[in-house]
Amino acid sequence: MNCILCGSPDTYLIETLSAEKLVIDWRTIYRVDIARELAGQQEVSLHRCRSCDLYFFCPILVGSGELYANLETFDWYYMARKWEYEVALEDLREGERLLEAGCGRGDFIELARAGKTIDATGLELNPRAAEFAQQLSRPVYLQSIAEAAAAQPGSFDAVCSFQVLEHVEDPRKFIGNCVELLKPRGRLLLSVPNNDGFLRFAKNDLLNQPPHHVTRWSKRVFESISALFPLEL
C-alpha cells in the first residue's frame, strides 16, 4: 500500500480496528451514530510509512458535515483561543493578506483582523460553523481549498490551517492547494496533533481514529515535506 502523502510503497500495517466497535464506542461516549460514516466497512487498518513517517488509515473514511455538526454541540470542540493562534500571529505582519483553511467559526480570523489589522478571510466546509461566523460578520466562506486555489492562485501572503490536515482525505493535494494560493515567498502555517506526544499513549482515543482523524503527524513528517513541495521548513 502506497503512502497517501509521499507515495512510497514502503509502508507497513500497525493495527486493524473493528468498525462495529467504533460504532458502539462513539454511541457510548459521544452519543453520536457513525454507522453511515463507515460506509459499510467491517474494519479499518492503520498503516505507517517508513519513508516520511506518516500514519494513515485505510480505507480513508473522512467525517461528513453531519458528524462535525454533532461534535459542534460540545463546547470544547471549537475553542475560541488556541495556543497556536498566538504562535502563528508572530509570523504574520500588518496588512498582509491571509487565508485560513478550515477556520471553524472564524475565531482566528477575528483575532488576526483585530490584533494586527491583517486582511484575513476563511474557508469552512461545516455549514453550521460557516453560518455562525457569517452571523458575526466574519469573512468566512463555504468553499473548499481546491476551489479557492483554482480561483485565486498566488493571491495570499500567508495560508494557515489549524488542526485540519489530520482530517483531510488527500493531504498531499491539500498542501499542494495551499502552496498554489501563496505568493512567491509566502508562508504556510500548519498545526496538527503531535503523534510523538502524549497521543502515542492514547491507544483508544476515538477522536484520533476514523471518521474523525484519518492521518497522524510528527515532526519527521513535516521535515519530509520540503522534498515534495517548493517549501523551506
Side-chain angles (χ1 to χ4, degrees), residues 26 29-34 36-37 62-153 155-169 171 173-175 177-178 180-183 186-193 206-207 211-214:
W26 272 82
I29 296 174
Y30 297 115
R31 297 182 181 178
V32 174
D33 186 355
I34 65 163
R36 285 188 296 178
E37 307 282 344
V62 296
S64 67
E66 182 181 358
L67 173 70
Y68 290 101
N70 284 323
L71 289 172
E72 189 181 357
T73 62
F74 296 98
D75 57 10
W76 44 261
Y77 195 73
Y78 284 127
M79 297 173 62
R81 297 299 286 262
K82 298 178 181 178
W83 71 268
E84 56 259 51
Y85 290 175
E86 305 299 334
V87 176
L89 285 175
E90 295 176 5
D91 286 329
L92 300 173
R93 293 188 275 274
E94 299 275 350
E96 288 190 319
R97 193 166 185 225
L98 167 73
L99 180 70
E100 182 183 0
C103 65
R105 297 172 175 175
D107 293 305
F108 181 70
I109 297 298
E110 182 72 13
L111 184 65
R113 293 175 71 87
K116 300 187 80 169
T117 61
I118 293 168
D119 181 11
T121 58
L123 307 178
E124 177 55 45
L125 294 180
N126 177 351
R128 286 179 55 175
E131 182 181 3
F132 184 95
Q134 291 164 2
Q135 288 174 351
L136 295 176
S137 298
R138 295 172 177 175
V140 172
Y141 304 97
L142 197 63
Q143 186 181 43
S144 71
I145 189 75
E147 292 169 334
Q152 303 181 74
S155 297
F156 294 90
D157 299 292
V159 173
C160 65
S161 191
F162 304 105
Q163 314 249 352
V164 172
L165 197 52
E166 66 275 13
H167 298 264
V168 303
E169 181 178 8
K173 183 177 180 181
F174 182 91
I175 296 173
N177 289 149
C178 290
E180 290 175 38
L181 284 158
L182 289 171
K183 298 177 182 179
R187 294 177 304 288
L188 176 59
L189 312 176
L190 300 171
S191 76
V192 293
L206 291 179
L207 295 181
H212 193 246
H213 289 177
V214 294

Donor-acceptor pair, [X] side chain versus [Y] backbone, under 3.5 Å?
X    : Y    : answer
S161 : A101 : yes
R187 : D91  : yes
E96  : R93  : yes

Atom [atom1] in [X], atom [atom2] in [Y]: separation rounded to 0.5 Å?
X    : Y    : atom1 : atom2 : value
N126 : E131 : CG    : CD    : 10.0 Å
R113 : D119 : CZ    : CG    : 6.0 Å
L181 : F156 : CG    : CZ    : 6.0 Å
K82  : L111 : NZ    : CG    : 12.5 Å
L189 : F162 : CG    : CZ    : 6.5 Å

With a 4.5 Å cut-off on side-chain heavy atoms, are [Y] and [X] touching?
X    : Y    : result
Y68  : R128 : no
F108 : C103 : no
L99  : Y141 : no
D157 : L98  : no
L207 : Y30  : yes
I34  : V32  : yes
E100 : L123 : no
I145 : C178 : yes

On a heavy-atom basis, which atom in [X] and which in [Y] lie closest, and how many Å separate them?
X    : Y    : value
G102 : V164 : O-CG2, 3.6 Å
P153 : A150 : CD-O, 3.8 Å
A120 : P139 : O-CG, 3.3 Å
L206 : I29  : CD1-CD1, 3.7 Å
V140 : G106 : CG2-CA, 4.1 Å
I118 : L92  : CD1-CB, 3.5 Å

Worksheet item: Does the distance from a Lys or Arg side-chain N to an Asp or Glu carboxylate O, for R138 and D107, drop under 4.0 Å?
Response: yes
Practice prompt. Carefully, step by step, assess F174 and L165 under the rule side chain to side chain contact (heavy atoms under 4.5 Å, CB included).
Written response: CA-CA 8 Å; F174 182 91; L165 197 52; 3.5 Å; yes
Worksheet item: Are Y77 and H212 an aromatic pair by the rule of ring centers under 6.0 Å?
Response: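 Centroid distance Y77-H212: below 6.0 Å, so yes.
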Worksheet item: Among P171, P193, S191, which residue meets the side-chain contact (heavy atoms from CB on, under 4.5 Å) test with E166?
Response: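 Going through P171, P193, S191 one by one, the side-chain contact (heavy atoms from CB on, under 4.5 Å) with E166 is satisfied by P193 alone.
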Fill in: Test side chain to side chain donor-acceptor pair (under 3.5 Å) applied to R81 - qualifying residues, sequence neighbours left out
E86
Worksheet item: Hey, mind stepping through S64 and E37 against side chain to side chain donor-acceptor pair (under 3.5 Å) and telling me if it holds?
Response: CA-CA 7 Å; S64 67; E37 307 282 344; 2.5 Å; yes
Practice prompt. Please determine, by modelled atom types, if R105 and Q134 share a side-chain donor-acceptor pair under 3.5 angstrom.
Written response: no
Worksheet item: Does a donor on one side chain sit under 3.5 Å from an acceptor on the other, for Q143 and E124?
Response: no
Item to complete: Walk me through it: do Q152 and E180 pass the test side chain to side chain donor-acceptor pair (under 3.5 Å)?
Response: CA-CA 9 Å; Q152 303 181 74; E180 290 175 38; over 6 Å; no
